[in-house]
There are 2 protein chains.
Amino acid sequence: MPVLRPAVPCCPPLTQRPLTVLEAELTAAMFKALGDPVRLRLFSLVASHDGGEACVCDISDVGVSQPTVSHHLKKLREAGLLTSERRGTWVYYRVVPAVLAAMAGVLTA
Amino acid sequence: MPVLRPAVPCCPPLTQRPLTVLEAELTAAMFKALGDPVRLRLFSLVASHDGGEACVCDISDVGVSQPTVSHHLKKLREAGLLTSERRGTWVYYRVVPAVLAAMAGVLTA
DNA sequence: GCGCTGTTTCGACATGCATCGATACAGTGA
DNA sequence: TCACTGTATCGATGCATGTCGAAACAGCGC
């Protein structure tokens, strides 16, 4: 488990100057995490859910098996986009707040 | 060559409502294109280059072979992020203007 | 036409990854 | 403790993809 630590405010806008190798590595890892349709839907389900968090049971209906959902949620966690917390029987996922803004910033001129 | 046509203004912010299957497909394709470190550096090199365009010869020094550079530029073209134009001996790449804003919009609450 | 340089395509290879069923783990309630 | 539900991990499989060298293509200058 390599788990690149994204260090949320990472990189300047792509239009400002060429990214360094390390910057590209960190930023690409985040984009890659959103580069799968199933993961993107899972992320969107969490991000748009009431209260800013969602139980796995709320978002498991994306057309793939339960182990696959779990696998994708793990990937999103490892990329630093989501956090998870177990409360009793259920596990809740949340969007890491600064990450969306950081990624948007990289794409903004 | 599937070449999903991105139809630039694609999708609402991820936080607004869950993406549909089709929206996720289109948007994930763009994120996926930026999800490789080499491609992200190439894209950044084009996006930050003087005049908004760059010759392949200007950006080929990213640590991989020249055919690999060409392969990645093709992927970025197919994803709708770059356009290319041959002018005499050299081929110039440009960022498709609206795409950056569209992707940033998806990530903005 | 011929050679030369810049760029793309081709074919092959190794690695990565999305997916699944089976299984293990965690917590609840009886 | 035992059964039950929700979630994560394991192991296997098939496909996607990043990479390269070799070869093809495109323009230019002679």
Side-chain angles (χ1 to χ4, degrees), chain A residues 1-4 19 21 24-25 27-46 49 53-79 81-94, chain B residues 1-4 19 21 24-25 27-46 49 53-79 81-94:
Chain A
M1 34 314 264
V3 186
L4 298 173
L19 259 46
V21 173
E25 212 97 31
T27 308
M30 292 194 270
F31 283 128
K32 188 175 189 174
L34 295 184
D36 177 271
V38 173
R39 273 201 297 273
L40 191 59
R41 287 183 69 205
L42 287 170
F43 186 83
S44 175
L45 280 161
V46 173
H49 204 266
E53 68 179 11
C55 170
V56 175
C57 57
D58 291 326
I59 60 176
S60 290
D61 192 21
V62 288
V64 295
S65 71
Q66 185 274 322
T68 301
V69 169
S70 188
H71 164 76
H72 283 306
L73 289 172
K74 182 178 183 178
K75 287 277 187 120
L76 289 166
R77 249 188 296 128
E78 289 177 348
L81 303 185
L82 295 180
T83 57
S84 66
E85 182 193 356
R86 167 157 236 139
R87 290 208 291 277
T89 304
W90 295 280
V91 177
Y92 292 85
Y93 280 77
R94 295 188 151 272
Chain B
M1 23 338 255
V3 185
L4 297 173
L19 258 45
V21 173
E25 212 98 29
T27 308
M30 293 194 269
F31 284 127
K32 186 176 190 175
L34 295 184
D36 177 90
V38 172
R39 272 200 297 273
L40 192 58
R41 286 184 69 206
L42 286 170
F43 186 84
S44 175
L45 280 162
V46 173
H49 204 266
E53 67 178 11
C55 170
V56 175
C57 58
D58 291 327
I59 60 177
S60 289
D61 193 22
V62 288
V64 295
S65 71
Q66 192 277 326
T68 300
V69 169
S70 188
H71 165 76
H72 284 305
L73 289 173
K74 182 179 184 178
K75 288 276 188 121
L76 289 167
R77 249 188 298 129
E78 289 177 347
L81 302 185
L82 294 180
T83 58
S84 66
E85 182 193 356
R86 170 156 235 139
R87 289 209 290 277
T89 304
W90 295 281
V91 177
Y92 292 86
Y93 280 79
R94 295 187 150 274

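Proteins come first, then strands; the chains are lettered A, B, ... in the order of their sequence lines, and each starts at number 1.
- Summarising the geometry, the separation between CZ on A:Arg39 and C1' on D:dA16 is reported as 13 Å, rounded to the nearest angstrom.
- Atom pair B:Arg77:CZ and C:dT9:P shows a separation of 6 Å (rounding to whole Å applied).
- Contact annotation for A:Val38: backbone-only contact, meaning every heavy-atom pair under 4.0 Å involves sugar-phosphate atoms and none involves a base.
- In this structure the side chain of A:Leu73 reaches within 4.5 angstrom of the side chain of A:Ile59, judged on heavy atoms.
- We find that NZ of B:Lys75 is positioned 4 Å from P of D:dG18, with the value rounded to whole Å.
- At the heavy-atom level, A:Tyr92 lies nowhere under 4.0 Å from the strands shown.
- Taking the ring centre of B:Tyr92 as origin, the terminal cationic atom of B:Arg87 falls inside the region bounded by 6.0 Å and 45° from the ring axis.
- Closest to the side chain of A:Val64, out of D:dC20, C:dT7, C:dT19, is C:dT19.
- Contact annotation: B:Lys32 does not reach the phosphate of D:dA16 (side-chain N/O to OP1 or OP2, under 4.0 Å).
- Taking only side-chain atoms of A:Thr89, from C-beta outward, the nucleotide of C:dG27, C:dA18, C:dT7 with the closest atom is C:dG27.
- With C:dT7, D:dG6, D:dG18 as the candidates, the nucleotide lying closest to the side chain of A:Arg86 is D:dG6.
- The closest donor-acceptor contact from the side chain of B:Arg39 to the backbone of B:Ala33 lies under 3.5 Å.
- Among D:dT7, D:dC20, D:dA8, the nucleotide with an atom closest to any side-chain atom of B:Thr68 is D:dC20.
- Here the C1' atom of nucleotide C:dT8 and the CG atom of B:Leu82 are 16 Å apart, to the nearest Å.
- Comparing C:dT19, D:dT9, C:dG6 against the side chain of A:His72 picks out C:dT19 as the nearest.
- Relative to the side chain of B:Ser65, the nucleotides D:dC20, D:dG18, D:dG6 differ in distance, and D:dC20 lies closest.
- Taking the side chain as every heavy atom from C-beta outward, A:Arg77 and A:Tyr93 approach each other to under 4.5 Å.
- Comparing A:Arg87 and B:Cys55 by the nucleotide of DNA chain C whose heavy atom lies nearest to each, the residue mapping closer to the 5' end is B:Cys55.
- Looking at heavy atoms from C-beta onward, A:Thr68 lies out of side-chain contact with A:Val38 at the 4.5 angstrom threshold.
- The side chain of B:His71 lies closest to D:dT19 when the candidates are D:dT7, D:dT19, C:dT19.
- Of all heavy-atom pairs between B:Ala24 and A:Arg41, the closest is CB-CG, 3.3 Å.
- Taking atom CD on B:Glu78 and atom C1' on C:dT9, their separation rounds to 12 Å, with Å as the unit.
- Between B:Lys74 and C:dT7 there is no side-chain N or O to OP1 or OP2 distance below 4.0 Å.
- Rounded to an integer number of Å, the gap from B:Leu34 CG to D:dT17 C1' is 16 Å.
- Of the candidates D:dT7, D:dT17, C:dT9, the closest approach to any side-chain atom of B:Pro67 belongs to C:dT9.
- B:Leu76 places its CG atom 13 Å from the C1' atom of D:dG18, with the value rounded to the nearest Å.
- Note: CD (B:Gln66) to C1' (D:dA22) measures 13 Å, nearest angstrom.
- A sub-4.0 Å separation between OP1 or OP2 of D:dA8 and a side-chain N or O of A:Tyr93 is present.
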